[in-house]
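Taking it in order: structure first as structure tokens, then the write-up.
Atom set for the values below is all heavy atoms of this structure, side chains included, hydrogens, waters and symmetry mates excluded. Everything quoted here is computed from the prediction, not taken from an experiment.
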Amino acid sequence: EAELPSAAIRDLATCRFVDLKQNVLIAGPPGIGKTHVAKAIGHEACRRKLSVIFKKAKALLYQLVDTDDDPRRIRRLWKQTIGTNLLIIDDFAFRKMTPREAETFYEIVDERLGNGSVILTSNRPPEDWLSMFPDPVMGGAILDRIASSAIKIIVKKAKSFRKEGSTKKP
């Protein structure tokens, strides 16, 4: 069984990719530690005095497109999302985006291109991501911007730590 490559994780822990404003894509089956690794890298970035935001994809997009929310709060979250050194988006492509969410996501990716790093975690393989967008042209533009020079850690098959942990007896 494959797993997240430890040498690549150690290299990411140097946060050099943040200095270079590179993105990181971590995809693989549930339970293999993608979120854990992303949070650990985010923690290390904080220790290095870099600004970090960690959000689930669904929550981030909902908060940015929620028309009932206070516009000042939305503007503040937008500025933080665009301006942070490292934006960690967890559980990307979990579900299909609405047109408004896709437009907002495009704006985030476009604004951050060359200005800050994104770590994206996903249970879906990257080849399935395009189908999560309502418009394939916009989806292609988003994926091109986020993935073009990204560091890619793609695990096809691996054991779930959650499943493994749930079957152990105390």
Side-chain angles (χ1 to χ4, degrees), residues 1-15 17-18 22-47 50 52-66 77 81 84-102 104-106 108-109 112 116-136 138-170:
E1 294 280 325
E3 57 186 40
L4 293 172
S6 55
I9 304 305
R10 281 193 299 277
D11 188 52
L12 292 174
T14 66
C15 296
F17 75 97
V18 181
Q22 277 184 293
N23 296 327
V24 177
L25 310 178
I26 305 173
I32 64 169
K34 299 177 300 292
T35 299
H36 181 78
V37 165
K39 284 182 174 181
I41 293 166
H43 181 80
E44 181 58 29
C46 288
R47 292 182 61 161
L50 298 167
V52 178
I53 292 177
F54 175 94
K55 290 274 188 183
K56 296 283 185 187
K58 179 182 176 182
L60 176 64
L61 292 172
Y62 178 78
Q63 290 169 349
L64 288 172
V65 301
D66 181 12
L77 177 58
T81 300
T84 191
N85 297 120
L86 176 58
L87 175 62
I88 302 171
I89 302 175
D90 192 38
D91 285 339
F92 174 72
F94 198 68
R95 63 171 178 78
K96 196 168 185 121
M97 288 184 191
T98 67
R100 180 101 190 265
E101 288 172 335
T104 300
F105 194 69
Y106 172 82
I108 291 169
V109 170
R112 291 191 58 79
S117 296
V118 175
I119 294 178
L120 216 56
T121 72
S122 181
N123 290 332
R124 291 184 193 273
E127 56 268 19
D128 290 356
W129 293 355
L130 189 59
S131 67
M132 297 295 103
F133 297 99
D135 176 359
M138 181 182 291
I142 291 168
L143 295 178
D144 178 63
R145 282 166 173 74
I146 203 148
S148 59
S149 65
I151 298 164
K152 298 167 187 80
I153 300 175
I154 313 299
V155 176
K156 298 289 184 191
K157 276 175 47 177
K159 279 187 192 167
S160 168
F161 290 115
R162 274 190 227 109
K163 284 181 186 171
E164 196 173 279
S166 66
T167 58
K168 287 185 180 173
K169 297 203 163 79

I146 side chain reached by F92 side chain, heavy atoms, under 4.5 Å: no
Quick check: do E44 and L50 have side-chain heavy atoms less than 4.5 Å from each other? no
With rounding to the nearest 0.5 angstrom, report the CG to CD1 distance, L12 to I26. 6.5 Å
Work out which heavy atom in I154 is nearest to a heavy atom in P126; give both atom names and the distance. CD1-CG, 3.5 Å
Matching residue for L61 among R100, K56, E101 - test: side chain to side chain contact (heavy atoms under 4.5 Å, CB included): E101
Taking the side chain as every heavy atom from C-beta outward, state whether L120 and W129 have any pair of such atoms under 4.5 Å apart. yes
Indicate the atoms forming the closest heavy-atom contact of A38 with T121, along with that distance. CB-CG2, 3.9 Å
Do F17 and I119 have side chains that get closer than 4.5 Å, going by heavy atoms? yes
Chi angles and distances behind the side-chain contact (heavy atoms from CB on, under 4.5 Å) call for H43, V52: CA-CA 8 Å; H43 181 80; V52 178; over 6 Å; no
Please evaluate residues I108 and L60 with respect to the criterion side-chain contact (heavy atoms from CB on, under 4.5 Å), reporting the C-alpha separation (whole Å), side-chain torsions for both, the decisive distance (0.1 Å), and the verdict. CA-CA 11 Å; I108 291 169; L60 176 64; 4.2 Å; yes
Decide yes or no for F105 and M97: does some side-chain heavy atom of the first lie under 4.5 Å from some side-chain heavy atom of the second? yes
Salt bridge between E127 and K156, side-chain N to carboxylate O under 4.0 Å? yes
Any donor-acceptor N/O pair, E3 side chain to I32 backbone, under 3.5 Å: no
For residues A150 and L25, report the shortest heavy-atom separation together with the two atoms involved. CB-CG, 3.9 Å
Does CZ belonging to R47 count more than 12 external heavy atoms closer than 6.0 Å? no
I need the minimum non-hydrogen distance between V109 and I142, along with the two atoms involved. CG1-O, 3.9 Å
Straight-line distance of N23 CG to L86 CG, nearest 0.5 Å: 9.5 Å
Smallest separation among heavy atoms of A8 and I153, with atom names: CB-CD1, 4.0 Å
Heavy-atom neighbours of Y62 OH exceed 12 at 6.0 Å: no
C15 and I41: which non-hydrogen atoms are nearest, and at how many Å? SG-O, 4.3 Å
Tested for side chain to side chain contact (heavy atoms under 4.5 Å, CB included) against K55, the lone hit among L77, D90, T81, D91 is L77
